[in-house]
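Have a look at the structure below, then the notes.
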2 protein chains.
Amino acid sequence: MGTISKALTLLDTLSLMDRDVGLTEIAAACGLDKATARRFLVELERHGFVEQLAESRKYRLGSAPVRLGRIREARFPFLKTAIPFVRQLMEESGETVHLSEFSGGRLSTVHVEDSTKAHRVFIAVGTLLPFHATASGLAFIAACPDKDVERAAIGPMPAFTDHTTTDGAAFRQAVVQTRIDGYSVNRQGMEAGVISASAAIAAPGSRPIGCITVAAPLVRTDVATIRRHGLSAAAAASRISEAFFGVDHKEQGTPQRGRGPG
Amino acid sequence: MGTISKALTLLDTLSLMDRDVGLTEIAAACGLDKATARRFLVELERHGFVEQLAESRKYRLGSAPVRLGRIREARFPFLKTAIPFVRQLMEESGETVHLSEFSGGRLSTVHVEDSTKAHRVFIAVGTLLPFHATASGLAFIAACPDKDVERAAIGPMPAFTDHTTTDGAAFRQAVVQTRIDGYSVNRQGMEAGVISASAAIAAPGSRPIGCITVAAPLVRTDVATIRRHGLSAAAAASRISEAFFGVDHKEQGTPQRGRGPG
DNA sequence: TGAGATGGTTCATATATTGAACCATTGCTT
DNA sequence: AAGCAATGGTTCAATATATGAACCATCTCA
């Protein structure tokens, strides 16, 4: 692996830790030597991708990504386009709704509209969504070409709860069902007591751009309710796709070869 | 310079080009060999920092920074906090107002609220703001320690218009005036026909976090008006700072040693 | 005050980066 | 249609660069 990949992996690791971290800790988390980790951090800091705190000497994500993200959004306004639909779906369903995007070979949460109910599901921005253990991941992979599904099906499937799908056959079956329904459902696969329904946001090209997902406490979500959420999510996904790609599709372009999911 | 720095510089260069660019062009823009540029682009793409378009094979900024930016904002909500004040200042002044942030040794625009008037100033998100040629830069540097001012004063000062400050003495004088007024003014230093007033957003620590700036067409902005804009900007900056750092200042922390401005 | 963390640094060694020259494809000109 | 010029992409020997074990300096806490 090249130095750049290692540094970006470090950045990624840092982004997944939701607190400020020390040198030794982050080096360990990335499997890097302390000296190496430090050189990476210094170079990343030079460019504003990480910040070091003056007093504690700990490191955290910097503000350069905010700038780059804004530039990206200004030219390719995925969030701006999608958020109103996310909000609407949250109001319609009454449950927490989150938007995820596929990037760098992984699916991750980029926006959350929290349910206004007291008893609700919490999801942090930046959360990674494994294909086998989340409704989002399943919806995404089901909308990908079969070769992507297959790659995911033969990959490792860590169990997060007793309900997580951990074998390829069950996974493939779930993909088939998702393709039939037009939305995916995941019952407690990631966290006990949570049920989610998700739909992929199609893009011109072979892979969808991301997903929109309703996450609800299991206790108030019966079969009919989750079906309603799923259908609403599918409708919202389709509206987002149309809003984003429908009209001025003049050479927005679609990326290629991003290494496949799985 | 290390490989990581070179790759991040490439990413930065790409972000400053407001269109999709080809391999040869970006290699030239970064002063890199084609082969090197390509390896960088491939590694950056693996992590979602750039995207390659399937049809034209050109490259553009990817969506990974959006994710990282969102995580950063979720934990350190500078934009979320500041934008309402930016908007309010736009409404109050009737002119385009932009918010800039200091990161990676440079000041750049992270948010713009456009004036609703037909004749107004346009600023793109991501625009770099040189210290010697913009009200924002001046406001920022004037709020920094003297050593930062001095470093900027002895650096190169490219002229963007006939009105750009290009010598150290005039620059230092402008810093003094800015410190007296509590806001900076720049008259056509970056672009002919535009006058701006800016104030730095203070942070606990030696350097401010960024600036808030009113940019107006020169033709309708007399001395009294620009003073009004400047005072409003200073008031807004102070409110942002208070909103962001005032209340729960419990170990938000402030970064150190980001290589100084200039 | 001393043992155990932690942040940070050094430098010989090992490894990854580099770029000139190359090929393949496309689009333009004659 | 042939030829030319540009562009994207690749190769591999030369070399600059990254690496990490061992080191030092602080800090904390008993």
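So that the names make sense, note that chain A is the first sequence line, chain B the second, and so on, each numbered from 1. No hydrogens, no waters, no symmetry mates; every other heavy atom, side chains included, goes into these values. Here the structure is a predicted model, which is why all the values come from computation and not from measurement.
- Between the P atom of dG7(C) and the CD atom of Glu25(A) lies a distance of 9 Å, rounded to the nearest Å.
- A donor-acceptor contact under 3.5 angstrom links the side-chain atoms of Lys34(A) to the base of dG8(C).
- Residue Thr24(B) places at least one side-chain N or O closer than 4.0 Å to OP1 or OP2 of dG8(D).
- In this structure, Phe40(A) places its CZ atom 15 Å from P of dT17(D), rounding to the nearest Å.
- The only option from Thr213(A), Ile201(A), Thr109(A) that meets the side chain to side chain contact (heavy atoms under 4.5 Å, CB included) definition with Leu99(A) turns out to be Ile201(A).
- In terms of the salt bridge (Lys or Arg N to Asp or Glu O under 4.0 Å) criterion, residue partners of Arg67(B) (sequence neighbours excluded) are, by chain and number, Asp12(A).
- Taken over five-pair windows at either terminus, the axes of the helix from dT1(C)-dA30(D) to dT30(C)-dA1(D) are inclined to one another by 40° (rounded to 10 degrees).
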For this session: Might you work through the side-chain hydrogen bond (donor to acceptor under 3.5 Å, both in side chains) test for His132(A) and Thr164(A), ending with a clear yes or no?
Result: CA-CA 8 Å; His132(A) 71 288; Thr164(A) 307; 5.8 Å; no

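- The nearest whole Å value for the distance from the CZ atom in Arg38(A) to the P atom in dC24(D) is 18 Å.
- Here the nucleotide nearest the side chain of Leu23(B), chosen from dT17(C), dG8(C), dG8(D), is dG8(D).
- Residue contacts shown for Lys58(A) are absent, as no nucleic acid heavy atom lies under 4.0 Å away.
- For dG8(D), the OP1/OP2 oxygens have no side-chain nitrogen or oxygen of Arg57(B) closer than 4.0 Å.
- Under the rule for a side chain to side chain donor-acceptor pair (under 3.5 Å), the partners of Ser103(A) that lie at least two apart in sequence or sit in another chain are Ser63(B).
- Considering only the side chain of Ala35(B), dT10(D) comes nearest among dT19(D), dT10(D), dT17(C).
- Following rounding to the nearest Å, Asp33(B) (CG) and dT15(D) (C1') show an atom-to-atom distance of 14 Å.
- Ring planes of Phe102(B) and Phe131(B): tilted class, angle from 30 to 60°.
- Side-chain contact annotation: Thr3(B) with Thr3(A), donor-acceptor N/O pair under 3.5 Å absent.
- As rounded to whole Å, 17 Å separates atom C1' of dG8(C) from atom CG of Leu53(A).
- Lys6(A) places its NZ atom 9 Å from the C1' atom of dT15(C), with the value rounded to the nearest Å.
- Taking atom CG of residue Leu41(A) and atom C1' of nucleotide dG8(C), one finds them 12 Å apart after rounding to whole Å.
- Looking at which nucleotide of DNA chain C each of Val21(A) and Gly2(A) is closest to, the 5′-most match is held by Val21(A).
- Under the side chain to side chain contact (heavy atoms under 4.5 Å, CB included) rule, Leu14(A) has a single partner from Val50(A), Asp20(A), Thr9(A), which is Val50(A).
- A sub-4.0 Å separation between OP1 or OP2 of dG20(D) and a side-chain N or O of Thr36(A) is present.
- One interatomic measurement links the two molecules: CD1 of Ile4(B) to P of dT17(C), which rounds to 10 Å at whole-angstrom precision.
- Dashed line: the shortest gap from a side-chain N or O of Tyr59(B) to OP1 or OP2 of dT7(D) is not under 4.0 Å.
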